[in-house]
Amino acid sequence: MKKNLVILAICITALSSCINKNQSDADAICKDNREEPDFSNGVMDEKILWYLGRLADVQMSPDGKTILYSVTYYDYRSNTGNTDLYTMPIDGGEPTRITSTKDDEIQPIWRPDGKKIAYLYPDDNGTLQIWECNPNGKHAEQITDFENDVNCFSYSPDMKHLCYAMNVRIDPTIEQRYPDLPKANAMIYDDLMYRHWNYWADGTYSHLFVTEYPKCNEGIDLLKGEKFHCPTPPYGGIEEIAWSPDSKSIAYTCKKLSGKQFAESTNTDIYLYNLAKKTHTNLSEGNMGYDQAPVFSPDGSKLVWWSMETDGFESDKHRMMIYDFKTNTREDYTADFDQNATDFCWSNDGKKIYFKSDKEATIQIYSMELATRKFEQITDGDYDYNSLILCGDQLITTRTTHAYPSEIYAVNLKNKAVKQISFINKDVLDKITLAKTEKRWVKTTDGKDMLVWVILPPNFDSTKTYPALLYCEGGPQSPVSQFFSYRWNFQMMAAHGYIVVAPNRRGLPGFGQEWNDEISGDFGGQCMKDYLSAIDAVSKESYVDENRLGCVGASFGGFSVYWLAGHHDKRFKAFIAHCGMFNLESWYNTTEELFFANHDIEGPYWKTPTPKSYDFSPHKFVGNWDTPILVIHGGNDFRIPYTEGMQAFDVAQIKGIPSRFLYFPDECHFVTKPQNSMLWQREFFRWLDQWLKTDEKDSKN
């Protein structure tokens with residue numbers, strides 16, 4: 001039940017239809033044509049949060065001189081946002097906005113010769129196509145013209161080919177089955193997985209194509225006729241596809257399973273497609289878990305990707321798997337490295353690999369020498385480093401903290417100095433006082449040390465007392481790192497006068513694989529004791545009012561809220577659960593990625609003997625519920641269907657417990673639309689303020 005959600009559906013097109021694109025639409029949303037929020041309170045609020053620019057898609061020009069990136073700005077009044085492209089010298093300086101249209105330019109990349117920038121943009125019919133423009137944004141032309149959207153794309157290094165993904169129809173529509181019933185509105189399924197995250201299966205599959213460039217005619221379908229996806233849903237993008245340096249092969253990721261097998265397995269593999277021979281070779285054959293995100297060495301002699309060993313376990317250790325084409329062998333280079341390894345970047349001489357790894361609730365950059373298997377930590381501090389591009393003797397990366405959204409940084413590989421080179425939101429953040437994050441180590445009930453983030457309100461005064469919130473992380477194996485969230489934003493919580501207690505309880509990565517694995521099959525066990533250890537330890541501080549404690553969380557965090565509501569022994573005065581699992585039996589019957597349920601709660605409830613996980617189902621402990629609870633859910637959440645939230649709310653209502661149900665018909669596992677998100681924030685704090693900032697008598701009026 002990971003956080004992230006990227007559902008792609010896209011396609012490519014023909015040079016014969018090249019047209020010029022208007023690069024300046026007066027009504028395009030940008031940084032300067034929105035209503036500026038009120039900064040008079042001097043702290044974060046929902047309007048300021050949605051005023052921040054959101055940086056993404058950082059790319060380096062082939063000559064190493066210019067950074068390309070995108071920024072999305074939102075206007076909550078129109079309930080929309082707009083993504084434009086920017087360039088900036090690698091040493092920093094004033095950025096240049098190179099697009100200014102009313103539609104989004106997305107997935108920008110440099111052409112290998114550096115003379116053009118390419119990106120996805122809708123044509124006159126609203127279909128996403130590939131466009132190219134000069135590095136200054138001028139002379140934009142549409143270079144593809146296909147019937148369907150382009151999902152993602154990349155150039156071969158020699159610029160003779162393009163690869164791209166687009167959805168192709170394999171299963172017939174209702175109208176194709178029954179031409180005389182054109183107004184029938186239905187879906188027919190004979191197999192799983194008929195819905196995923198937030199969309200119903202429509203009979204189309206994302207396939208990978210190769211076409212000649214610059215002709216860009218409809219290319220060769222590498223998965224023709226197969227009910228397989230490339231990239232893999234729901235997260236996959238161009239990072240799952242890599243050209244060999246000689247442009248003769250493509251390494252791609254695919255789970256070559258469909259239906260029930262697709263729902264029950266994580267067995268993606270890395271395939272090598274030879275353009276001349278039109279052959280597919282499975283490089284990861286025999287490994288039954290995830291194999292993802294291949295990257296060729298500079299000379300093409302090796303291929304690295306991250307790999308998980310266990311089929312069905314989506315949070316297994318991310319191993320660094322390297323395939324040697326000279327010996328046709330593959331090897332795990334992180335067998336003795338008890339951390340994850342992802343986002344690989346080769347040194348120019350191919351002797352070293354740079355990568356990301358989570359360590360003690362942060363995400364750091366590491367390197368590994370292939371010859372010696374020596375690992376070195378490049379960065380440190382309470383930061384999340386979130387991307388990697390090698391440029392000369394430095395790494396270009398993005399970084400976040402609880403206080404600061406993503407910006408671009410350069411890491412000097414000689415002296416490890418870190419320099420910020422973009423300042424997208426400096427003018428906004430300079431106008432407010434930010435909350436401070438402290439790091440604590442708390443003893444757990446089994447005598448282990450647990451890292452707990454404690455976020456203190458802006459202008460914190462230790463002589464005063466504050467209400468506190470226990471934050472329950474989702475995943476369940478997602479790190480409580482130095483992320484900057486636009487929903488579960490710690491700055492917002494602290495700015496409203498709450499101390500936030502965010503424990504890295506059992507089941508979170510960054511503390512060794514044993515710590516990570518201890519939650520599987522034990523949802524109501526040690527991880528829940530860890531939560532209570534964290535809030536109990538921080539509540540002993542003189543500035544925490546232990547009579548005004550709340551508990552909040554989403555996904556597995558929502559499950560945690562429901563479970564703690566039946567076991568908290570009067571600790572909490574208010575709960576908020578977003579998209580949480582309430583009844584594990586009903587949830588098992590309605591969720592879609594069965595591999596998660598089969599691994600983490602050990603299978604269906606009708607197994608003999610019944611997995612012990614079902615003993616932890618929160619619905620079994622509602623007899624102990626006695627505390628006000630806000631339940632939030634999205635109508636398009638298929639990972640944890642909204643009926644789970646309905647059951648929890650109905651129980652609270654039937655028992656006469658003060659409760660509220662906030663339902664978003666058009667949202668999924670996340671809340672993404674500006675006004676919906678702002679409403680979420682307002683209701684979130686309205687509920688907490690009602691029960692944690694007024695006495696019980698007043699709150700009932």
Side-chain angles (χ1 to χ4, degrees), residues 29-55 71-82 400-407 423-438 453-461 464 466-471 482-502 548 550 552-554 574 576 578 630 632 660 662 664 667 670-694 699:
I29 296 171
C30 66
K31 181 177 182 179
D32 302 321
N33 68 354
R34 304 171 299 157
E35 180 183 274
E36 184 173 286
D38 181 4
F39 291 98
S40 61
N41 287 332
V43 295
M44 183 72 77
D45 64 25
E46 72 274 9
K47 288 187 178 180
I48 296 173
L49 186 66
W50 277 87
Y51 194 70
L52 296 171
R54 306 189 188 188
L55 178 145
V71 181
T72 302
Y73 289 103
Y74 288 90
D75 184 345
Y76 81 91
R77 297 168 302 173
S78 63
N79 205 32
T80 57
N82 184 249
T400 61
T401 69
H402 294 157
Y404 292 95
S406 184
E407 294 283 6
F423 299 87
I424 306 299
N425 292 301
K426 185 178 187 302
D427 58 336
V428 176
L429 297 175
D430 282 350
K431 296 177 183 178
I432 60 176
T433 301
L434 296 172
K436 178 183 178 182
T437 296
E438 293 186 348
W453 298 117
V454 180
I455 300 90
L456 302 174
N459 305 308
F460 173 72
D461 183 347
K464 297 181 179 179
Y466 298 84
L469 304 176
L470 174 65
Y471 169 75
Q482 284 289 322
F483 60 77
F484 187 91
S485 171
Y486 288 91
R487 179 164 51 113
W488 293 93
N489 187 275
F490 293 156
Q491 287 295 314
M492 283 276 288
M493 297 179 198
H496 278 75
Y498 293 97
I499 291 173
V500 183
V501 181
R548 292 190 293 157
V552 302
I576 298 179
H578 184 132
L630 168 62
I632 309 173
R660 182 174 298 149
L662 175 58
F664 294 98
E667 297 286 4
F670 312 100
V671 179
T672 60
K673 298 176 176 62
Q675 290 192 20
N676 282 348
S677 181
M678 293 174 72
L679 172 64
W680 188 97
Q681 296 282 1
R682 291 177 185 179
E683 284 296 308
F684 182 88
F685 292 111
R686 182 164 80 99
W687 185 257
L688 292 177
D689 291 352
Q690 177 182 354
W691 296 102
L692 302 183
K693 290 187 177 180
T694 57
S699 68

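Source: prediction; values computed, not measured. Computed over heavy atoms, backbone and side chain alike; hydrogens, waters and symmetry mates excluded. Numbers for residues simply follow the sequence, beginning at 1.
Between the side chains of H578 and W680, at least one donor N or O sits under 3.5 Å from an acceptor N or O. D32 and Y73 share no side-chain donor-acceptor pair at under 3.5 Å.
For the residue pair G497 and P467, the shortest heavy atom distance occurs at O-CD, 3.5 Å. The heavy-atom pair separating V43 from A495 by the smallest distance is CB-CB, 3.8 Å. When all heavy atoms are compared, the tightest approach of A403 to A435 is CB-O, 4.4 Å. Minimum heavy-atom separation, I424 to K31: O-NZ, 3.8 Å.
Partner of E46 under the salt bridge (charged side-chain N to carboxylate O under 4.0 Å, His left out) criterion, chosen from R487, R686, R682: R682. Residue I499 forms a side-chain contact (heavy atoms from CB on, under 4.5 Å) with just one option from L469, I455, L456, and that option is L456.
In this structure, S485 OG and L49 CG are separated by 8.0 Å, a value rounded to the nearest 0.5 Å. Note: K673 NZ to W50 CH2 = 10.0 Å, rounded to the nearest 0.5 Å. In this structure, CZ on F484 lies 6.5 Å from CD on Q491, to the nearest 0.5 angstrom. The structure places CG of L630 at 8.5 Å from CZ of F684, a figure rounded to the nearest 0.5 Å. To the nearest 0.5 Å, the span separating CG on N82 from CD1 on I29 amounts to 6.0 Å. We find the CG-CZ distance between L688 and R548 to be 12.0 Å, quoted to the nearest 0.5 Å.
In terms of modelled atom types and a separation under 3.5 Å, the side chain of E407 and the main chain of N425 share a donor-acceptor contact. Not a single donor-acceptor pair under 3.5 Å links the side chain of R54 to the backbone N or O of T72. Within the 3.5 Å criterion, the main-chain N or O of T400 finds no donor-acceptor partner in the side chain of Q482. Side chain of S78 to backbone of D75: a donor-acceptor contact under 3.5 angstrom is found. Without hydrogens or angle criteria, N79 side chain to Q675 main chain gives a donor-acceptor distance under 3.5 Å.
The residues R660 and E683 are annotated as salt-bridged, a charged nitrogen and a carboxylate oxygen being separated by less than 4.0 angstrom. Here D45 does not pair with K47 in a salt bridge; the nearest charged N to carboxylate O distance is not below 4.0 Å.
Within the 4.5 Å cutoff, the side chain of F483 has no heavy atoms near those of the T401 side chain. Looking only at side-chain heavy atoms (C-beta outward), F685 and K693 stay at 4.5 Å or farther from each other. When side chains are defined from C-beta on, P405 counts as touching Y486, because their heavy atoms get closer than 4.5 Å. A heavy-atom distance below 4.5 Å is found between the side chains of Y466 and P457. Contact of the V454 side chain with the V500 side chain is not registered, since no non-hydrogen atoms from C-beta on lie closer than 4.5 Å.
Two rings, from F670 and W488, have their centers 6.0 Å or more apart. Ring-centre distance between F490 and Y471: below the 6.0 Å cut-off.
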| task | Step by step, work out the side-chain contact (heavy atoms from CB on, under 4.5 Å) result for Y498 and L692. | result | CA-CA 9 Å; Y498 293 97; L692 302 183; 3.8 Å; yes
| message | Let's go through V552 and L470 carefully: what are the C-alpha distance in whole Å and the side-chain angles of both, what is the deciding distance for side-chain contact (heavy atoms from CB on, under 4.5 Å) to 0.1 Å, and is it a yes or a no? | response | CA-CA 6 Å; V552 302; L470 174 65; over 6 Å; no
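The 12-atom threshold is not exceeded at NZ of K436, counting heavy atoms of other residues, nucleotides or ligands nearer than 6.0 Å.
Judged by a 6.0 Å distance limit and a 45° cone about the ring axis, K431 is positioned over the six-membered ring of F39. A cation-pi geometry, defined here as NZ or CZ lying under 6.0 Å from the six-membered ring centre and within 45° of its normal, does not hold between R34 and Y74.
Qualifying salt bridge (charged side-chain N to carboxylate O under 4.0 Å, His left out) partners for E667, counting only residues two or more places apart in sequence or in other chains: none.
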